[in-house]
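This chain uses plain numbering: 1 for the first residue, then up along the sequence.
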Amino acid sequence: MQSSRGRIMADMLGAAENASPVEAVEAVTRELGAALGARSVAFLIADLSGRALVRLAHVPFDGAGDGRRHGDEVATVMPFDGGLAEQALRSQTAQVVAQPDGWTVLAPVTDRGEAIGLLEMTLPDEPSPPTLQEIARTAHVLAFVVIANRRYTDLFEWGQRTTPFTLSGEIQRRLLPGSFTCEGNAFTLSGWLEPAASVGGDTFDYSLARDVLHFSVTDAMGHGVASALTATLGVGSLRNSRRRGVGLIGQAESANAEVAENAAVPGSYLTAILGRLDLRTGICALLNAGHVPPLLVRDGDTRTLSLPANFPLGMFAEAGYRAGEITLRPGDRLVVTTDGMRDRGAASLDLPTMLRSFGGLHPREAVRALADAVLEVSGPTLADDATLFILDWHGGHGEGRRSSAGADQARASTSAA
């Protein structure tokens with residue numbers, strides 16, 4: 001079994017490397033289907049909205065395919081309906097269902113908690129537990145194939161976009177991290193951005209060092225391209241100083257000076273929460289630059305964190321900055337939002353109560369559920385971007401992470417009702 005498994009993996013990786021980036025996933029699924037005797041194999045990628053899956057297909061003749069087309073490429077959107085596909089993605093557990101022509105398996109394609117999509121496979125016979133384990137492992141390998149090859153092509157990004165992006169939306173998209181979710185042994189985090197009709201300049205970002213987690217949430221003033229450009233200055237400066245080893249206060253001071261000096265529209269600024277979490281101790285330094293205060297959910301209670309007040313980044317070039325500090329305990333949940341989660345129609349949401357009710361959800365599912373709640377009261381078109389960043393602290397940095405097929409099964413959960 002072990003040698004057979006190794007051969008399957010080797011054949012899959014060889015097929016991926018020998019194919020072009022746009023054909024790599026199809027090449028891998030063909031190898032997998034042949035190895036397991038499948039009648040059909042397909043990869044369904046998660047839509048950027050987080051509310052659908054997209055089936056990508058190459059149909060090289062006119063009139064074929066019933067989805068969105070780009071040349072010979074067809075993207076068919078399958079909105080979530082509470083069925084097995086959604087359950088598999090939300091719970092990070094493979095689903096098996098009997099069909100007239102065999103058995104369909106839906107296995108999550110995931111890496112470090114990022115739900116990339118699903119592997120859909122139809123087998124002639126009901127899969128045994130060892131076969132399901134093999135499918136789960138190969139779905140995890142497929143995640144790496146997607147991550148590696150989407151660097152070289154727009155195909156996957158195009159497939160995930162059910163609505164066209166404006167220029168400001170395109171700029172904003174490039175400012176976000178490559179993965180919205182990250183699971184570590186000591187923490188789990190997830191971010192989400194629900195864009196306004198005219199992009200409002202929100203971003204979130206994070207970066208993991210050996211013993212430190214850096215993160216930020218920013219909100220540039222205004223809307224449209226001007227706001228996106230201000231956000232670019234701010235995020236670019238924060239990343240640059242962070243990568244040079246500059247501390248939290250130094251990052252804020254550099255971004256403040258850069259935005260004040262270089263903003264295309266004089267007087268532009270952005271509010272921000274900057275964080276630096278020591279993974280060995282749980283001590284989290286937080287800097288609030290004119291932003292909505294973060295929230296802490298602890299032992300079922302939600303409270304606003306009181307931090308030293310600072311001016312927004314770029315408002316006054318010579319402004320100084322101060323940071324606060326909190327020691328996280330295992331089980332704590334840190335929540336950072338932008339004002340789009342609190343203003344206008346969203347103000348009617350009882351955010352502390354909702355955070356308590358979603359306490360059992362994985363951060364990936366909690367941010368989605370909260371975004372859905374905002375859209376329900378303020379949508380379908382938002383007046384301002386609504387951004388969420390949730391960080392769960394588990395403690396135990398240095399201990400081995402326990403995962404299965406790219407997800408931490410102990411902390412996976414289904415979506416809120």
Side-chain angles (χ1 to χ4, degrees), residues 175-177 182 184 186-191 201-221 230-263 268-296 303-329 332-339 363 387-393 395 397:
L175 298 177
L176 301 177
C182 180
F187 69 92
T188 303
L189 66 82
S190 193
D202 282 14
T203 74
F204 65 89
D205 196 19
Y206 67 89
S207 178
L208 184 63
R210 192 174 301 276
D211 297 312
V212 174
L213 174 68
H214 304 271
F215 59 92
S216 66
V217 174
T218 68
D219 182 0
M221 65 167 284
T230 302
T232 300
L233 282 173
V235 173
S237 176
L238 291 172
R239 286 175 174 169
N240 179 259
S241 56
R242 182 189 75 210
R243 290 163 180 166
R244 288 188 287 111
V246 177
L248 207 62
I249 291 175
Q251 291 176 34
E253 291 174 342
S254 294
N256 179 60
E258 294 290 356
V259 174
E261 179 181 353
N262 298 302
S268 295
Y269 60 84
L270 64 159
T271 67
I273 295 291
L274 309 182
R276 182 187 186 280
L277 174 61
D278 187 321
L279 299 175
R280 296 162 299 186
T281 64
I283 296 175
C284 184
L286 292 165
L287 189 150
N288 187 341
H291 199 83
V292 180
L295 301 170
L296 179 69
R303 64 183 177 95
T304 300
L305 293 179
S306 178
L307 298 172
N310 297 286
F311 288 113
L313 305 177
M315 180 172 281
F316 299 107
E318 303 301 322
Y321 290 86
R322 296 181 300 153
E325 190 176 274
I326 181 172
T327 300
L328 297 178
R329 304 173 187 168
D332 281 356
R333 170 167 286 183
L334 181 66
V335 182
V336 185
T337 72
T338 57
D339 56 12
T387 300
L388 289 145
F389 182 87
I390 291 181
L391 170 66
D392 284 359
W393 176 246
H397 179 58

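- Going from atom CG of N310 over to atom CZ of R322 covers 6.5 Å, rounded to the nearest 0.5 Å.
- A donor-acceptor pair shorter than 3.5 Å cannot be found between the side chains of D219 and T338.
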Item to check | Steps toward side-chain contact (heavy atoms from CB on, under 4.5 Å) verdict (D332, R329) | outcome: CA-CA 6 Å; D332 281 356; R329 304 173 187 168; 3.7 Å; yes
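- Residue E325 holds its CD atom at 12.5 Å from CG of L287, rounded to the nearest 0.5 Å.
- Atoms CZ and NE2, on R239 and H214 in that order, are 13.5 Å from each other to the nearest 0.5 Å.
- Ring geometry for F389 against F204 counts as tilted: the plane angle lies between 30° and 60°, on a 0 to 90° scale.
- No donor-acceptor distance shorter than 3.5 angstrom exists from the side chain of Y269 to the backbone of A260, with no hydrogens or angles considered.
- The side-chain contact (heavy atoms from CB on, under 4.5 Å) test with T218 singles out one residue from D205, L238, T230, L313, and that residue is L238.
- Checked against side chain to side chain donor-acceptor pair (under 3.5 Å), R210 has no partners two or more places apart in sequence or in another chain.
- Sorted by first and then second residue, the side-chain hydrogen bond (donor to acceptor under 3.5 Å, both in side chains) pairs involving residues 271-289 (not counting sequence neighbours) are T271-H291, D278-R280.
- For the pair N256 (side chain) and A252 (backbone), a donor-acceptor distance under 3.5 Å is absent.
- Under a 3.5 Å cut-off, the side chain of S237 and the backbone N or O of L233 do not form any donor-acceptor pair.
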Next on the checklist: Pair I326, L296 - check side-chain contact (heavy atoms from CB on, under 4.5 Å), show working.
Outcome noted: CA-CA 10 Å; I326 181 172; L296 179 69; 3.4 Å; yes
Item to check | Evaluation steps, side-chain contact (heavy atoms from CB on, under 4.5 Å), between I390 and R333 | outcome: CA-CA 7 Å; I390 291 181; R333 170 167 286 183; 3.5 Å; yes
Checklist entry - Should L391 and L213 be marked as a side-chain contact (heavy atoms from CB on, under 4.5 Å) after you check the CA-CA gap, both sets of side-chain angles, and the distance that decides it? => result CA-CA 10 Å; L391 170 66; L213 174 68; 3.9 Å; yes
